[in-house]
Amino acid sequence: MSKGQFDIKAGALFPWYFQLLGGAFTLTGVVFLLENFIVSLILVPIGLLILTGRSGIEINIISKTYRSYYSFFFLKSGKQVSFNKIEKLYINANKVTQKVYTAHTTQSSTFESRKFDAYIKFDNGNKEYLCSSKDLSNLKNQISPLAKVLNISITDNTTLQ
């Protein structure tokens, strides 16, 4: 990665249980490779599609363009958009709740946690999602190289909520 180009990976497109399913498809397809080639030909690409699905954003400071992308099989697709200036980098906090039911009763438990999301705002009014983390300091460390090159501060909106 050059000095003026940033590739911030937002993460996997599919949740962990789909990725587990994708791994099972790939493994099953490899096992069936010699016995049933047709089944293998179907399962392996589907499994690899699920396992390699990612999203992110590429920002080129020198050419003043950015691209939000989706990546499958390590091939990125997305439209280049030009900008004049990056207005700000900011972090928002979200409360995440998950309700879990027990197997044999109607009782449930609710778990709450905080998640932090980083965004970038361009002068054309576009706001793009960068990445997220459960740890605020980890997220700040992840986007601080971009803020340093742009010579702008990171706006922390987590204390306002």
Side-chain angles (χ1 to χ4, degrees), residues 1-27 43-101 108-161:
M1 184 176 335
S2 69
K3 200 166 190 143
Q5 189 170 2
F6 292 90
D7 184 6
I8 300 172
K9 294 166 182 61
L13 286 177
F14 301 102
W16 68 269
Y17 40 88
F18 278 114
Q19 292 206 357
L20 184 65
L21 183 66
F25 280 3
T26 304
L27 186 62
L43 289 178
V44 170
I46 292 172
L48 290 177
L49 182 88
I50 293 170
L51 289 175
T52 61
R54 301 276 184 262
S55 66
I57 185 168
E58 289 180 333
I59 302 169
N60 192 328
I61 306 301
I62 298 164
S63 66
K64 295 198 176 210
T65 59
Y66 71 92
R67 170 173 82 149
S68 292
Y69 66 84
Y70 294 112
S71 171
F72 295 99
F73 300 111
F74 308 107
L75 300 172
K76 297 175 184 175
S77 66
K79 183 182 173 194
Q80 290 272 63
V81 179
S82 61
F83 65 90
N84 292 323
K85 181 181 156 192
I86 295 176
E87 288 185 8
K88 66 178 180 176
L89 290 170
Y90 60 97
I91 299 173
N92 290 342
N94 295 314
K95 184 170 82 171
V96 179
T97 60
Q98 182 178 11
K99 195 174 226 181
V100 178
Y101 291 93
S108 66
S109 297
T110 303
F111 299 98
E112 291 184 3
S113 62
R114 285 183 70 169
K115 182 178 136 192
F116 303 99
D117 298 323
Y119 296 90
I120 188 168
K121 183 177 181 188
F122 297 96
D123 62 336
N124 57 8
N126 290 349
K127 299 173 192 168
E128 293 288 336
Y129 169 77
L130 292 175
C131 53
S132 64
S133 177
K134 289 184 178 181
D135 184 21
L136 181 60
S137 61
N138 183 22
L139 185 61
K140 284 183 179 180
N141 289 338
Q142 202 171 354
I143 63 173
S144 63
L146 179 61
K148 188 175 182 181
V149 167
L150 296 172
N151 198 21
I152 58 176
S153 62
I154 299 170
T155 306
D156 186 357
N157 295 332
T158 60
T159 57
L160 302 175
Q161 297 176 348

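These numbers come from the heavy atoms of this one structure, side chains and all, not from hydrogens, waters or symmetry mates.
Lys115 NZ: 12 or fewer foreign heavy atoms inside a 6.0 Å radius. For Phe74, the CZ atom sits in a loose shell: 12 or fewer heavy atoms of surrounding residues, nucleotides or ligands are nearer than 6.0 Å.
Rounding to the nearest 0.5 angstrom, the gap separating the CG atom in Leu150 from the CG atom in Leu89 is 6.0 Å. Interatomic distance, CD1 of Ile62 versus OG1 of Thr65, reported as 10.0 Å (0.5 Å rounding). To the nearest 0.5 Å, atom CG of residue Leu75 and atom OG1 of residue Thr52 are 8.5 Å apart. In this structure, CZ in Arg114 is found 9.0 Å from CG in Asn94, a value given to the nearest 0.5 Å. A distance of 6.0 Å separates CG in Leu51 from CD in Gln19, rounded to the nearest 0.5 Å. Interatomic distance, Glu87 CD to Thr155 OG1, rounded to the nearest 0.5 Å: 11.0 Å.
The side-chain contact (heavy atoms from CB on, under 4.5 Å) test applied to Tyr101 returns Lys99, Ser108, not counting sequence neighbours. Considering only residues two or more places apart in sequence or on other chains, Phe14 meets the ring pair (Phe, Tyr, Trp, His ring centres under 6.0 Å) condition with none of them. Residues that satisfy the side chain to side chain donor-acceptor pair (under 3.5 Å) test with Asn126, not counting sequence neighbours, are Tyr66. Judged as a salt bridge (Lys or Arg N to Asp or Glu O under 4.0 Å), and not counting sequence neighbours, the contacts of Arg67 are Glu58. In this view, Glu128 satisfies the salt bridge (Lys or Arg N to Asp or Glu O under 4.0 Å) rule with no residue, not counting sequence neighbours.
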Q | Test log, rule side-chain contact (heavy atoms from CB on, under 4.5 Å), inputs Leu13 and Phe18 | A | CA-CA 10 Å; Leu13 286 177; Phe18 278 114; over 6 Å; no
Q | Pair Ile57-Tyr129, side-chain contact (heavy atoms from CB on, under 4.5 Å): steps then yes or no | A | CA-CA 8 Å; Ile57 185 168; Tyr129 169 77; over 6 Å; no
Q: For side-chain contact (heavy atoms from CB on, under 4.5 Å), just list the numbers for Lys64 and Ser82, CA-CA rounded to whole Å, side-chain angles, deciding distance to a tenth of an Å, and then say yes or no.
A: CA-CA 6 Å; Lys64 295 198 176 210; Ser82 61; 5.9 Å; no
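Under the 3.5 Å distance criterion, with hydrogens and angles disregarded, no donor-acceptor pair is assigned to the side chains of Asp117 and Asn92.
Residue Leu48 comes nearest to Thr26 through the heavy atom pair N-OG1, 3.5 Å, listed as atom of the first residue, atom of the second, then distance. Between Thr97 and Glu112, the shortest heavy-atom distance links the atoms CG2-CG, 3.4 Å. Minimum heavy-atom separation, Cys131 to Ile143: SG-CG2, 3.9 Å. The minimum heavy-atom distance linking Ser133 with Leu139 is given by the pair CB-CB, 4.0 Å. Between Lys9 and Gln142 the shortest heavy-atom distance is O-NE2, 4.4 Å. Closest approach of Phe73 and Leu49 over heavy atoms only: CE1-CD1, 3.6 Å.
Note on ring orientation: taking the six-membered ring where Trp is involved, the planes of Tyr90 and Tyr119 are parallel (angle under 30°, cut-offs 30° and 60°).
The shortest distance between side-chain heavy atoms of Phe122 and Val81 does not fall below 4.5 Å.
Counting only residues at least two apart or on different chains, the salt bridge (Lys or Arg N to Asp or Glu O under 4.0 Å) pairs with a member in residues 135-155 are Lys140-Asp156.
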